[in-house]
Number of protein chains: 2
Amino acid sequence: MTGGFVDDYLSYLLARASHLVSRDFHAQVKRSGLGVAEWRVLATLSDGGPMIIGELARRVLYEQPTLTKVIDRMEEGGLVTRAAQESDRRRIEVRITPAGTAAVVGLLPAAKMHETQLLASYSPEEVALLKSVLRTLIDRLSAD
Amino acid sequence: MTGGFVDDYLSYLLARASHLVSRDFHAQVKRSGLGVAEWRVLATLSDGGPMIIGELARRVLYEQPTLTKVIDRMEEGGLVTRAAQESDRRRIEVRITPAGTAAVVGLLPAAKMHETQLLASYSPEEVALLKSVLRTLIDRLSAD
DNA sequence: TGTCGTTATATGAATTTTCATATAATCTGG
DNA sequence: CCAGATTATATGAAAATTCATATAACGACA
């Protein structure tokens, strides 16, 4: 069952850890009436302010055409608004609405709590190193 | 751009690192004529031998009905075969074919090389701790 | 200012994925 | 041995995702 190539392969460890770590919380997200895509968009916007489609797509790990359709649905549902920037009307700024904020406000502390529980059995040094390695990987691979 | 909740959130760091780490290699997989799902299935089977649908679905991080359809296509394409176990005919064993092996055989060393390059700038201790934390997270969350 | 190359988002058709449930085999208690 | 509960996979309709490309706005330069 274990011991082969795959079980020591970084891509697989990351994919599986990511999958499992998200699983329980994503179930909670769905119970609250949001999909995972909506959760990611709202968490990102509520965290960092308005963002254009392309940047938001990179942030939430979707292709641009996929995100455009997610935003279509969310705009329809009143969770976000869409408006072209004055200075460059190609750039469409997505902005969270009060309804969107209301939809995530309860999930944000739940997410923090979920993370705290997950990491409770590791030392602060281990957690710091884990996050540091992940962040440097991300930074390096984002620079394209 | 940085410094908010999301940028320090473990789920997000894992998802983004996983996404970026896989991106280049997945492009290579697609150039070789396989999809990501096919690559994962073939890598898993070539690594660990035949496996029933349900276990394989957990391994490759797909829902069971999704994997059933992936296996439909792969069986159609001659990459795997499907056969019920003697002892329990509900359990369908998926087995890699010579054609399946031929399709992944070039990718496996490429995957190893990709990982080696990614981790080249970290110390062995950092790599060991990273993988150890990921594995303990996985083990803990798999136990359900 | 008009044309060309570039960047940003949208769209449509085809594929893939999901959700709920059907089918089928096995197990369990009486 | 039988009826109901459980487990494993398959199926079908609906939804989401992707790929290629269309549309539209901007930038540079003659």
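Keep in mind that this is a model prediction, so the values were computed, not measured. Just so it is clear, the values below take in all heavy atoms, side chains as well, and ignore hydrogens, waters and symmetry mates. Here is how names work: the chains are called A, B, and so on, in the same order as the sequence lines, proteins then strands, and each is numbered from 1.
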>> Measure CE/M74(A) against C1'/dA15(D) and give the value in whole Å, please.
In response: 17 Å

>> Among residues at least two apart in sequence or on other chains, which ones pass side-chain contact (heavy atoms from CB on, under 4.5 Å) with A128(A)?
In response: none

> To the nearest Å, how far apart are D72(A) CG and dT17(D) P?
Replying inline: 12 Å

> Taking only side-chain nitrogens and oxygens of R73(B), does any of them come within less than 4.0 Å of OP1 or OP2 of dT15(C)?
Replying inline: no

>> Without decimals, in angstroms, what is the distance between L61(B) CG and dT17(C) C1'?
In response: 14 Å

> Tell me, which of residues 84-97 of chain B have any heavy atom that sits under 4.0 Å from an atom in DNA chain D?
Replying inline: R90(B), R91(B), I92(B)

> Whole Å only: how far is the CZ atom of R58(B) from the C1' atom of dT7(D)?
Replying inline: 12 Å

>> Strictly below 4.0 Å, N to O, side chains only: are D8(B) and R135(A) in salt-bridge contact?
In response: yes

> Starting at NE2 of H26(A) and ending at P of dC19(C), how long is that distance when rounded to a whole Å?
Replying inline: 13 Å

> For DNA chain C, what residues of residues 35-43 of chain B have any heavy atom nearer than 4.0 Å?
Replying inline: none

> Taking DNA chain D as the partner, which of residues 63-70 of chain B come within under 4.0 angstrom of it by heavy atom?
Replying inline: Q64(B), P65(B), T68(B), K69(B)

>> Taking ring pair (Phe, Tyr, Trp, His ring centres under 6.0 Å) as the cut-off, I'd like each qualifying pair that reaches into residues 94-128 of chain A, sequence neighbours left out, listed once.
In response: F25(A)-H114(A)

>> Tell me every residue that passes side chain to side chain donor-acceptor pair (under 3.5 Å) with T68(A), counting only those two or more places apart in sequence or in another chain.
In response: Q64(A)

>> Please enumerate all residues that pass side-chain contact (heavy atoms from CB on, under 4.5 Å) together with A57(A), with sequence neighbours excluded.
In response: L67(A)

>> Please report the distance, rounded to the nearest Å, between OH in Y62(A) and P in dC19(D).
In response: 15 Å

> According to the salt bridge (Lys or Arg N to Asp or Glu O under 4.0 Å) rule, which pairs have a member within residues 77-88 of chain A, sequence neighbours left out?
Replying inline: D72(A)-R82(A), E75(A)-R82(A), D88(A)-R90(A)

> With S123(B), which residues qualify under side-chain contact (heavy atoms from CB on, under 4.5 Å), at least two apart?
Replying inline: E125(B), E126(B)

>> Under the rule for side chain to side chain donor-acceptor pair (under 3.5 Å), what residues qualify as partners of S121(A), not counting sequence neighbours?
In response: R140(B)

> R16(A): what forms a side chain to side chain donor-acceptor pair (under 3.5 Å) with it, not counting sequence neighbours?
Replying inline: S142(B)

>> Quick test of your reading: applying salt bridge (Lys or Arg N to Asp or Glu O under 4.0 Å), list the pairs with at least one residue in residues 92-115 of chain A, sequence neighbours left out, ordered by first then second residue.
In response: E93(A)-R95(A), E115(A)-K131(A)

>> Please report the distance, rounded to the nearest Å, between CD in E55(B) and C1' in dA8(D).
In response: 13 Å

>> Rounded to whole Å, please give me the gap between CD1 in I53(A) and P in dA24(D).
In response: 17 Å

>> Is there a path of hydrophobic side-chain contacts, each under 4.5 Å between heavy atoms of I/L/V/M/F/W/Y residues, joining L34(B) to L61(B)?
In response: no

